[in-house]
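Numbering starts at 1 and runs along the sequence shown.
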Amino acid sequence: PLEMSAKKPVPFLRQVVPVRKKVQRDPRFDDLSGEYKPEIFMKTYSFLDSIKKQEKEMVQKQLKKCRNVEQKEKLQRLLNRMTQQERAQKKQQKLRERELTLKRQQRELAKQGKKPFFLKKSEKRKLELAEKYAELKRSGKLESFLNKKRKRNAIKDKRHLPSQKSL
């Protein structure tokens with residue numbers, strides 16, 4: 001800015017050299033970044049899966065060698081987080097594939113001249129549950145899963161019952 005005399009009072013709205021404000025862009029919400037398509041994203045960054053696998057194996061090796069209790073606990077937490085992320089990613093992938101197959105079926109029916117039919121959320125959930133049931137039956141873990149579910153429901157029911165003190 002210009003140097004001003006100390007003897008004159010400074011005007012209330014003085015002219016200052018305008019400074020260009022930096023415009024910050026968030027690529028998640030900006031149109032310039034394009035549209036997010038999970039299929040393309042997964043194909044582009046598929047190499048990360050192999051890197052993650054290598055890192056997981058490395059952590060497992062470190063966990064076996066480690067003697068320090070705190071370090072071992074830290075590595076165990078990291079390993080658990082990695083496995084959970086992997087599981088969540090697989091689940092997401094299955095969900096995407098299921099939706100893609102449903103879309104393909106709808107396109108085929110539309111080509112044949114039939115009216116498209118879209119599943120409700122509840123119906124999708126039922127299909128998912130049936131698939132989970134079939135998977136558990138195939139792996140032989142159905143009984144243990146159902147037992148856990150029964151116990152969980154029994155605990156919930158117990159909570160809703162009036163307590164003995166109030167009787």
Side-chain angles (χ1 to χ4, degrees), residues 20-64 73-167:
R20 288 199 75 191
K21 190 177 178 186
K22 264 190 176 179
V23 179
Q24 292 181 335
R25 303 188 313 110
D26 191 342
R28 295 174 296 174
F29 309 112
D30 200 356
D31 292 332
L32 293 171
S33 301
E35 195 177 324
Y36 171 70
K37 293 178 182 165
E39 293 83 26
I40 295 170
F41 181 85
M42 292 301 285
K43 283 179 186 173
T44 311
Y45 294 101
S46 60
F47 66 93
L48 288 176
D49 293 334
S50 60
I51 294 171
K52 283 181 182 177
K53 201 177 228 180
Q54 288 173 351
E55 285 179 353
K56 189 178 172 185
E57 288 170 2
M58 194 172 69
V59 169
Q60 284 173 335
K61 285 178 185 175
Q62 284 180 348
L63 190 67
K64 284 180 183 177
E73 201 172 284
K74 199 175 183 181
L75 285 169
Q76 188 62 47
R77 268 185 269 147
L78 178 65
L79 188 65
N80 287 343
R81 190 169 68 229
M82 286 172 142
T83 52
Q84 283 176 347
Q85 284 174 350
E86 196 177 299
R87 211 176 294 137
Q89 192 177 13
K90 282 181 183 175
K91 189 176 180 183
Q92 200 77 26
Q93 185 66 29
K94 269 188 179 179
L95 190 75
R96 256 198 301 276
E97 285 173 6
R98 192 180 306 123
E99 285 181 8
L100 277 171
T101 53
L102 286 171
K103 280 183 183 180
R104 282 191 197 112
Q105 287 173 352
Q106 291 305 322
R107 279 198 203 110
E108 289 298 317
L109 290 172
K111 282 180 184 175
Q112 293 171 8
K114 291 182 179 159
K115 197 175 179 184
F117 173 75
F118 301 100
L119 290 171
K120 288 188 269 182
K121 215 176 195 180
S122 60
E123 290 171 347
K124 283 182 185 176
R125 210 176 297 127
K126 283 178 186 174
L127 282 173
E128 194 175 313
L129 222 118
E131 197 174 294
K132 186 177 181 181
Y133 180 84
E135 179 66 36
L136 285 168
K137 196 170 187 179
R138 206 176 310 119
S139 64
K141 297 177 182 175
L142 182 65
E143 274 305 312
S144 63
F145 174 77
L146 289 175
N147 286 335
K148 281 181 188 176
K149 196 139 183 92
R150 273 190 216 107
K151 282 181 186 176
R152 208 175 301 131
N153 288 339
I155 291 168
K156 281 184 187 176
D157 291 342
K158 212 178 231 184
R159 261 192 232 132
H160 293 298
L161 290 173
S163 63
Q164 293 292 328
K165 292 176 187 174
S166 62
L167 291 176

- Message: Within this structure, what is the CZ-CG distance for the pair Arg98 and Leu100, rounded to the nearest 0.5 Å?
- Response: 11.5 Å

Got a list of side-chain donor-acceptor pairs under 3.5 Å for residues 32-39, not counting sequence neighbours?
none

- Closest non-hydrogen contact found for Leu75 with Val59 is O-CG1, 3.8 Å

- Set of salt bridge (Lys or Arg N to Asp or Glu O under 4.0 Å) partners for Arg20, sequence neighbours left out: none

- Item | Counterpart residues, side chain to side chain donor-acceptor pair (under 3.5 Å), relative to Gln92 (two or more places apart) | none

- Message: Does Glu135 form a salt bridge (Lys or Arg N to Asp or Glu O under 4.0 Å) with Arg138? I'd like the steps, not just the answer.
- Response: CA-CA 5 Å; Glu135 179 66 36; Arg138 206 176 310 119; 2.7 Å; yes

- With sequence neighbours left out, which residue pairs that include part of residues 107-149 fulfil the ring pair (Phe, Tyr, Trp, His ring centres under 6.0 Å) condition? none

Quiz: residues 150-162 side-chain donor-acceptor pairs under 3.5 angstrom, not counting sequence neighbours:
{"from": "Arg150", "atom 1": "NH1", "to": "Asn147", "atom 2": "OD1", "distance (Å)": "2.7"}
{"from": "Asn153", "atom 1": "ND2", "to": "Lys149", "atom 2": "O", "distance (Å)": "3.4"}

- Leu63 side, atom CG; Leu78 side, atom CG - distance, nearest 0.5 Å: 9.5 Å

- Is any NZ, NE, NH1 or NH2 atom of the basic residue among Glu73 and Arg77 found under 4.0 Å from an Asp or Glu carboxylate oxygen of the other? yes

- Task: Flag the pair Ile40 / Lys43 as yes when at least one side-chain heavy-atom distance between them is below 4.5 Å, and no otherwise.
- Result: no

- Between NZ on residue Lys132 and CG on residue Leu136, distance to nearest 0.5 Å: 6.5 Å

- Heavy-atom side-chain proximity of Gln89 to Met42 below 4.5 angstrom: yes

- Item | Any pair counted as side-chain hydrogen bond (donor to acceptor under 3.5 Å, both in side chains), so long as it reaches residues 100-127, sequence neighbours left out | none

- One should read off an interatomic distance between Arg87 CZ and Lys90 NZ, to the nearest 0.5 angstrom, of 9.0 Å

- Task: Verify the neighbour count for atom CG of Asp30: are there more than 12 heavy atoms of other residues, nucleotides or ligands below 6.0 Å?
- Result: yes

- With the threshold set at 4.0 Å, does a side-chain nitrogen-carboxylate oxygen contact exist between Lys56 and Glu86? yes

- Pairwise distance CE(Met58) to CG(Leu79) - rounded to 0.5 angstrom: 12.0 Å

